[in-house]
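Only a predicted model underlies this, so the values are computations on that prediction, with no experimental measurement involved. No hydrogens, no waters, no symmetry mates; every other heavy atom, side chains included, goes into these values. In what follows, every chain begins at residue 1, and chains take the letters A, B, ... in the order their sequences are listed.
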Amino acid sequence: MNIDQIIKSKIVEAVQALYGQTIQADSVQIQNTRKDVEGDMTVVVFPFLRISRKSPEQTATELGEYLKSHVGAVDDFLVVKGFLNLLISKAYWVTVLEDAANNQEFGLTPANENSPLVMVEYSSPNTNKPLHLGHIRNNLLGYSIGEIIKANGNNLVKTNIVNDRGIHICKSMYAWQKWGEGKTPENTGVKGDHLVGDFYVLFDKHYKAEISELMASGLSKEEAEQQAPSIVAAREMLLKWEARDPEVIKLWEMMNQWVYDGFDITYKELGVDFDKIYYESDTYLVGKEEVLRGLKEGLFHQREDQSVWADLTADGLDEKILLRSDGTSVYMTQDIGTAKLRFNDYKIDKMIYVVGNEQNYHFQVLSVLLDKLGFDWGKGLHHFSYGMVELPHGKMKSREGTVVDADDLMAEMVDVARRTSEELGKLEGYSDDELAETYKTIALGALKYFMLKVDPKKNMLFNPEESIDFNGNTGPFIQYTYARIRSVIRKAEASGIQVTKKLDVALSISEKEQELIKSLSLFPAAVKEAGDTYSPAIIANYIYSLVKEFNQFYHDHSILGEQDEAIRNFRLVLSQTIANVVKSGMNLLGIRVPERM
RNA sequence: GCCUCGGUAGCUCAGUUGGAUAGAGCAACUGCCUUCUAAGCAGUAGGUCAUGGGUUCGAAUCCCGUCCGGGGUACCA
């Protein structure tokens, strides 16, 4: 039981003893005491005034007296403006540190074979273009939320649904066939996903030119868009693909492989991975079967043009198309198929989709449709809906070339990390491999922390010029603090200092040290809240404030220079424990920490 | 039009679910390296929490209206 819970339960007792009424422990409000007021924690007494029928000051005093005499950890209290501020004993805080220091899994709840199985879908790229900044946010959020789910006592399966079929894929294929001149990643040296993306852009260029030409010859915009030779050819290719035309399939397999090879590199660089990858080309037919079954069972209806629709007006939604008039699948169709396959493959207790908030409506519909089709997990699916990444000029548009490419961005950040490190010159003696590793750790730490520290639900702005910062509230600042602690620990080891994790409760610790232990004790709650609210930002902000406080302590107190051996030992244990929490917290964000930087 | 999410310092973001004098970072200015890593620490300045009402002991937070912005409302994904 932590101090919060102890105080809450004792307040319940106190209210019962003093005023003869029963209240719920959860209703007791406890908060951190303001920095400018003396005290460690504060009980808000205003809600009890109705019960006590006394002034805030008097009520607070009576409750304070009760806590002081009934809770060992409460040394004293003071009442300010009707708030009851408690002073917690130093001995209590020392035992809190001791517990945390002796628990390698502090703050984490490991899963066992009986724990729930959670599947997280993230990334979900199209195979017609390389990954960009928007995908980065998705991947980082998906990976991190997976780690947080694991840390909260769940088993995890990370999955990816690859959008490998459809008209957009055929556009790249057609452009390559027509204007590709036999180019391959091998003979051009261009990364496969980029090469395919180039042809996607090339397609659009020709397509637009054709449209203007047709419009100049008198066609309306709509007619021109439908009749342009390129789009006609791409559509034809899609039909051939669905008919399994050997030549088209061969082309499709070749170009998709280029993309997969490219993605593998990007994923590896980003540090994300998957336990199971699904391909839309394998799932869309399953979805189609399910829709036809639903049609037969009268859940859906068919229009005169043969298209199939679901009427969801009774659920407060609109009518939704499930199969086109030519019988081909739409996005929704394949999501139904993918869901079915997944639940056949795994015993999933909870399904989480990491997909942008532009698809909120889509998932609302999917949930209802799955439910109608008789899948009892349909209603329980969770759409982890995150905001868009905007650039200073506005939204990213891949066809207009205003995207921030994932590979380019990472390479650029590694370069900045390298230059900064070289300037500071603290990595002497490192091998080339160690240097490269450290630059990458810092660069990705900066990028990941930048994207994960903001509330996932909100849109965020990425300014390429300003966002690559290594000072202040950034990943490198946190990594730096870790490296500092590691440096001290190494020095202690080198000079033969023995550290014992058995601490003396009578130790006289400073205000700042007590603050630090209090911050440490908040880690488990941060992990839980991050899990409950699906928010890596909670973890990021927690680590930042912990580390900020540590740096203040580090500045004002000498660790190795401390003459009193018991205090020196205490400070080493404190520092080491903070380093551990920083490391496991950063791990929940998918960020590594360096030994030196 | 309808649905939905948002608006907090010049900029980027927090704000513990209704609590005390709204906090960080960046940018600007000022100090601190002969001492465990200055990617650090300390300080100055910067606010009508979009706006008008309401609810109560108490509102950035809850409710209603208005203004501004994002997204959705496709036989695109």
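- Contact annotation for A/D326: no contact, since no heavy-atom pair falls under 4.0 Å across all strands.
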Handout entry: Chi angles and distances behind the side-chain contact (heavy atoms from CB on, under 4.5 Å) call for A/S172, A/F203
Key = CA-CA 7 Å; A/S172 300; A/F203 175 93; over 6 Å; no

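- Contact annotation: A/R34 does not reach the phosphate of B/U16 (side-chain N/O to OP1 or OP2, under 4.0 Å).
- Below the 3.5 angstrom threshold, one finds no donor paired with an acceptor across the side chain of A/N551 and the base of B/A42.
- The residue A/D556 sits apart from the nucleic acid: no heavy atom pair falls under 4.0 Å.
- Residue A/Y554 is in base contact, counting any heavy-atom pair closer than 4.0 Å across all strands shown.
- Taking the P atom of each, B/C49 and B/A59 are spaced 12 Å apart, rounded to whole Å.
- Among the atoms of the strands shown, none is found under 4.0 Å from any heavy atom of A/P125.
- The shortest non-hydrogen separation linking A/L87 to A/E38 is CD2-OE2, 3.6 Å.
- Contacts of A/I321 with the nucleic acid, taken as non-hydrogen atoms under 4.0 Å apart, include base atoms.
- Between B/G19, B/U37, B/A77, one nucleotide has an atom nearer to the side chain of A/N126 than all others, and that is B/A77.
- Of the listed nucleotides (B/C41, B/C13, B/A20), B/C13 has the atom at the smallest distance from the side chain of A/M460.
- A residue-by-residue look at A/N85 and A/I30 shows that A/I30 has its nearest nucleotide of RNA chain B further toward the 5' end.
- In this structure, B/U17 is classed as syn because its glycosidic torsion stays within 90° of zero.
- Nucleotides B/G52 and B/A45 are separated by 27 Å at their P atoms, to the nearest Å.
- For B/C62 and B/G6, the P atoms lie 9 Å apart once the distance is rounded to whole Å.
- Between the CE atom of A/M41 and the C1' atom of B/G19 there is a distance of 16 Å, given to the nearest Å.
- The separation between A/K320 atom NZ and B/A74 atom P is 7 Å, rounded to whole Å.
- Taking atom P in both B/C2 and B/C26, one finds a spacing of 45 Å when rounded to whole Å.
- Rounded to whole Å, the distance from CG on A/D164 to P on B/A77 is 13 Å.
- Using P as the reference atom, B/A50 and B/U61 are 8 Å apart when rounded to the nearest Å.
- Residue A/K457 is out of contact with every strand shown, counting any heavy-atom pair closer than 4.0 Å.
- Across all strands shown, A/D318 has heavy atoms under 4.0 Å from sugar-phosphate atoms exclusively, and none from any base.
- Distances shorter than 4.0 Å separate some side-chain N or O of A/Q552 from OP1 or OP2 on B/A42.
- Nearest nucleotide to the side chain of A/M388, out of B/U37, B/C13, B/G70: B/G70.
- With a cut-off of 3.5 Å on both pairing distances, the Watson-Crick or G-U wobble partner of B/G1 is B/U73.
- Across all strands shown, A/L49 has no heavy atoms under 4.0 Å from either base or sugar-phosphate atoms.
- Sequence order on RNA chain B of the closest nucleotides to A/K548 and A/Y361 puts A/K548 first from the 5' end.
- The separation of B/G46 from B/C11, taken at their C1' atoms, amounts to 12 Å, rounded to a whole angstrom.
- As judged by a 4.0 angstrom heavy-atom cut-off over every strand, A/E319 is placed among residues making no nucleic acid contact.
- A distance of about 24 Å separates the P atoms of B/C13 and B/U17, rounded to the whole Å.
- The glycosidic torsion of B/C33 lies within 90° of 0, which places this base in the syn conformation.
- Close placement of the A/Y544 and A/F477 rings is indicated, their centers lying within 6.0 Å of each other.
- The aromatic ring of A/Y480 does not sit over the base of B/G40, since the test of centres under 5.5 Å and planes under 30° is not met.
- Put simply, the side chain of A/Y122 does not reach to within 4.5 Å of the side chain of A/N160, judged on heavy atoms.
- In this structure, the separation between CZ on A/R418 and OG1 on A/T420 is 9.5 Å, given to the nearest 0.5 Å.
- Phosphate contact (OP1/OP2 of B/U37, side-chain N/O of A/K491, threshold under 4.0 Å): present.
- Taking a centre distance below 5.5 Å and an interplanar angle below 30 degrees as the stacking criterion, A/F83 stacks against the six-membered base ring of B/A20.
- The distance from atom OH of A/Y534 to atom P of B/U17 is 20 Å, rounded to the nearest whole Å.
- Geometrically, A/R303 engages A/W309 in a cation-pi contact defined by less than 6.0 Å to the ring centre and at most 45° from the axis.
- Among the heavy atoms of the strands lying under 4.0 Å from A/V454 are primed sugar atoms or P, OP1, OP2 only; no base atom is included.
- Rounded to whole Å, the separation between the C1' atoms of B/G10 and B/G72 comes to 33 Å.
- Across B/G40, B/U73, B/U21, the shortest atom-to-atom separation from the side chain of A/F477 is found for B/G40.
- A/K453 comes within 4.0 angstrom of no nucleic acid atom, judged by non-hydrogen atoms across all strands.
- A/S421 comes within 4.0 angstrom of a nucleotide base, judged by non-hydrogen atoms across all strands.
- In terms of phosphate contacts, A/S487 brings a side-chain nitrogen or oxygen within less than 4.0 Å of OP1 or OP2 of B/U37.
- Per the geometry, CG belonging to A/N473 stands 15 Å off C1' belonging to B/C11, to the nearest Å.
- Rounded to whole Å, the distance from CG on A/N541 to P on B/G25 is 13 Å.
- Nucleotide B/C67 forms a pair with B/G7, judged by Watson-Crick or G-U wobble geometry with both contacts under 3.5 Å.
- Across all strands, A/Q479 comes closer than 4.0 Å to no nucleic acid atom at all (heavy-atom distances).
- Close to B/A38, at under 4.0 Å from its OP1 or OP2, lies a side-chain N or O of A/R484.
- For B/G40, one of the phosphate oxygens OP1 or OP2 lies less than 4.0 angstrom from a side-chain nitrogen or oxygen of A/N471.
- Residue A/R486 forms a side-chain contact (heavy atoms from CB on, under 4.5 Å) with just one option from A/K491, A/E595, A/K583, and that option is A/E595.
- The pairing partner recorded for B/G19 is B/C57, the criterion being a Watson-Crick or G-U wobble arrangement whose two distances lie under 3.5 angstrom.
- Nucleotide B/C41 forms a pair with B/G31, judged by Watson-Crick or G-U wobble geometry with both contacts under 3.5 Å.
- Comparing B/C41, B/G7, B/A38 by their closest approach to the side chain of A/K458 singles out B/G7.
- Taking atom CG of A/N459 as the reference point, atom C1' of B/U12 lies 14 Å away to the nearest angstrom.
- Across the protein-nucleic acid pair, A/Y542 atom OH and B/A14 atom C1' stand 16 Å apart, rounded to whole Å.
- Below the 3.5 angstrom threshold, one finds a donor paired with an acceptor across the side chain of A/T42 and the base of B/A20.
- Between the CD atom in A/E280 and the OG1 atom in A/T127 there is a gap of 8.5 Å [rounded to 0.5 Å].
- Within the model, atoms CG of A/D532 and CD1 of A/I148 stand 11.0 Å from one another, a figure rounded to the nearest 0.5 Å.
- A cation-pi geometry, defined here as NZ or CZ lying under 6.0 Å from the six-membered ring centre and within 45° of its normal, holds between A/R596 and A/Y430.
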